Amino acid sequence: MKYIPYGRQTIDSSDVEAVVSALQSDYLTQGPAVEQFEQALSAYTSAQHTVVFNSGTAALHASYFALGLQPGDEIITTPITFAATANAALYLGAKPVFCDIIPETGCMDPTLVERLITPKTRLIAPVDYAGLPSNLSKLADIAKNHDIKIVEDACHALGAHYQEKQIGEGTYSDCTIFSFHPVKHITTGEGGALQTNDSQVFEKAMQFRSHGITKNPESYINKVSSPWYHEMQFLGFNYRLTEIQAALGISQLKKLEGFLARRQAIAKYYTEAFSQNQYFELQYSGDGVVHAYHLFAILLRPELSNKKNKLVAKLHERKVGSQVHYIPVYLHPYYQELGYTKGLCPQAELFYERQLSLPIFPSMTDSEVEYVAKTVLDTCKKVF
Ligand SMILES: *Cc1c(COP(=O)(O)O)cnc(C)c1O
C-alpha cells in the first residue's frame with residue numbers, strides 16, 4: 001500500500017491533452033480559454049458573472065476590493081479557515097474581526113455575528129467549512145438589516161448546494177469564491193474564481209485582475225478614442241490565469257460531477273464505518289444541503305485530544321495521511337503580533353484541538369478507503 005495523503009489532484013490523459021493543445025495554441029497568457037472557462041463556471045453554478053484569477057487568494061482580494069473594503073473598515077470572518085480569508089482584508093488595510101463557530105459544523109455561528117457589527121463593518125466572509133455550506137440565509141438576513149455585503153469563501157464547496165441552490169448562484173452572497181489548488185474539487189495547479197450577479201462588482205474585479213487597466217472606451221475618464229488607448233484607473237494587480245491553466249480547468253470541470261459523487265461515496269462509507277466508535281465524532285453533515293466533502297473532518301472526544309499528535313504519527317507510520325484544518329487564524333504569530341489574543345473564540349480553539357482531516361479524494365480506490373477506515377479505528381484503539 002502506498003502512502004495515502006489527505007487530499008490530492010485527479011489528473012487523467014484528457015487533462016494532459018487539453019494542456020498540451022493550449023501550449024500549441026496562439027495564446028499562453030489570458031486568452032479565449034480563460035473566457036471559456038469563466039463561461040463554463042457560470043453555466044455550472046448559474047452565476048451571472050465569473051472572473052477567474054491565479055489563486056483563490058487573489059479572488060478573495062478582488063472581491064473585497066470590488067465590494068468597497070477600505071482601510072480602517074472591518075470584516076467579520078471565521079478563525080477556522082485558511083489564512084487567506086483574513087489576509088486579503090489586511091492587504092486592503094482593513095481589520096478582520098473573528099466570529100466564533102458552531103462546534104458541530106465548524107462554520108461561523110450566525111447567532112454571534114450581530115454583536116460584532118460596528119459602524120465600520122462592511123463585509124461578512126463566512127467559510128463553507130469542509131464543503132458544508134454556512135447558515136447562508138441567516139447571514140444574508142443579518143447583512144441586509146445592517147447594509148453589509150457577504151463574500152462567501154466557498155473554496156471547499158464547489159458543487160455544494162444550500163436549500164436547493166447551487167453554491168455560487170448568488171441568492172445569499174454578493175460574491176462567492178472558489179479555489180483550484182490541487183487539493184480542491186478541481187484544479188488548475190494554482191487558480192481561483194469569483195462569482196457575482198452584480199455587474200459593477202464584476203467589472204471592478206476584471207479590472208483589478210489587470211493592474212486596474214480598462215480597454216472599454218465607454219468607461220474612460222479621459223475622452224481618447226485611439227485604438228491603442230487604454231486607461232489605468234486604480235491600483236490593481238497582475239492576477240491573471242494562463243491559457244494553460246484555463247485549459248486544464250475546462251477539462252477538470254467536465255469531470256466535477258463524478259469527482260463529487262466519489263467524494264460523497266467515500267464520506268458515506270466512512271460515516272457508516274465510524275458510526276459506533278467511541279473515540280471521535282463526525283462533522284454534522286447538514287440539513288437541506290448537499291455537502292461537497294472537500295475534507296472529511298473528525299472531532300476527537302475532548303479528553304482524547306491531547307493524544308492527537310500520537311494518533312497522527314501512528315497513522316503516518318501506517319501510511320495514512322491526515323491534516324489539521326485549521327489552526328485558528330488569529331493564533332498565528334503574525335496575528336498575535338497584531339494584538340489578537342488566545343481565548344478570543346473558545347469554540348474555534350477547542351475545534352482546533354479536536355479536529356483531524358482523513359484522506360478523501362476522487363481517485364482513492366475502494367480498498368484504500370476500507371484500509372483507511374480500518375486503520376483509523378485500529379490505531380485509535382491502540383493510542384487511546
Ligand atoms: C484553498 C483556500 C483558499 C484559497 O487558497 P489559494 O491557495 O489561494 O487558491 C481560501 N480559503 C480557503 C478556506 C481555502 O481552503
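Start at 1 with the first residue, then count along the sequence. In this text the structure is predicted, and so the values were computed from the model without any measurement. Just so you know, ligand 1 is whichever comes first in the structure, and atom 1 is the first atom listed for that ligand.
- The distance from ligand 1 to the heavy atoms of S55 drops below 4.0 Å at these ligand atoms: 8 (O), 9 (O).
- F208 forms part of a hydrophobic cluster together with V51, F53, L60, Y64, F65, L67, L69, I75, L92, L123, V151, I177, L194, V201, F202, M206, F234, F237, Y239, judged by ILVMFWY side-chain heavy-atom separations under 4.5 Å.
- Contacts between T85 and ligand 1, counted as non-hydrogen atom pairs separated by less than 4.0 Å, involve the side chain only.
- Between F259 and H185, the gap from one ring centroid to the other reaches at least 6.0 Å.
- Contact annotation for K184 and ligand 1: only side-chain heavy atoms (C-beta onward) come within less than 4.0 Å of the ligand.
- A 6.0 Å sphere centred on OH of Y229 holds more than 12 heavy atoms belonging to other residues, nucleotides or ligands.
- In this structure, F180 has no heavy atom closer than 4.0 Å to ligand 1.
- Here is the list of ligand 1 atoms found below 4.0 Å of a heavy atom in Y326: 15 (O).
- Among H181, H156, H325, H61, the residue whose heavy atom lies nearest to atom 7 (O) of ligand 1 is H181.
- Ring planes of Y326 and F82: tilted class, angle from 30 to 60°.
- At a threshold of 4.0 Å, the pair E281-R354 counts as salt-bridged, since one of the basic side-chain nitrogens sits closer than that to a carboxylate oxygen.
- Using a non-hydrogen distance threshold of 4.0 Å, G191 registers as a contact of ligand 1.
- Looking at ligand 1, you won't find any N or O of T81 less than 3.5 Å from one of its N or O atoms.
- If you check which protein heavy atom lies closest to atom 8 (O) of ligand 1, you get T57 OG1, 2.5 Å.
- Neither the backbone nor the side chain of F178 comes within 4.0 Å of ligand 1, counting heavy atoms alone.
- By the criterion of side-chain heavy atoms lying less than 4.5 angstrom apart, applied directly or through intervening Ile, Leu, Val, Met, Phe, Trp or Tyr residues, V183 is not grouped with V369; the two fall into different hydrophobic clusters.
- I244 is linked by a side-chain contact (heavy atoms from CB on, under 4.5 Å) to V19, L23, L28, T242, counting only residues two or more places apart in sequence or in another chain.
- Annotation: cation-pi pair K254/Y44 absent, no NZ/CZ under 6.0 Å from the ring centroid and within 45° of its normal.
- Residue nearest to atom 10 (C) of ligand 1, selected from A130, A59, A154, C155: C155 (by heavy-atom distance).
- Scanning the protein for heavy atoms near atom 11 (N) of ligand 1, the closest one is D153 OD2, 2.7 Å.
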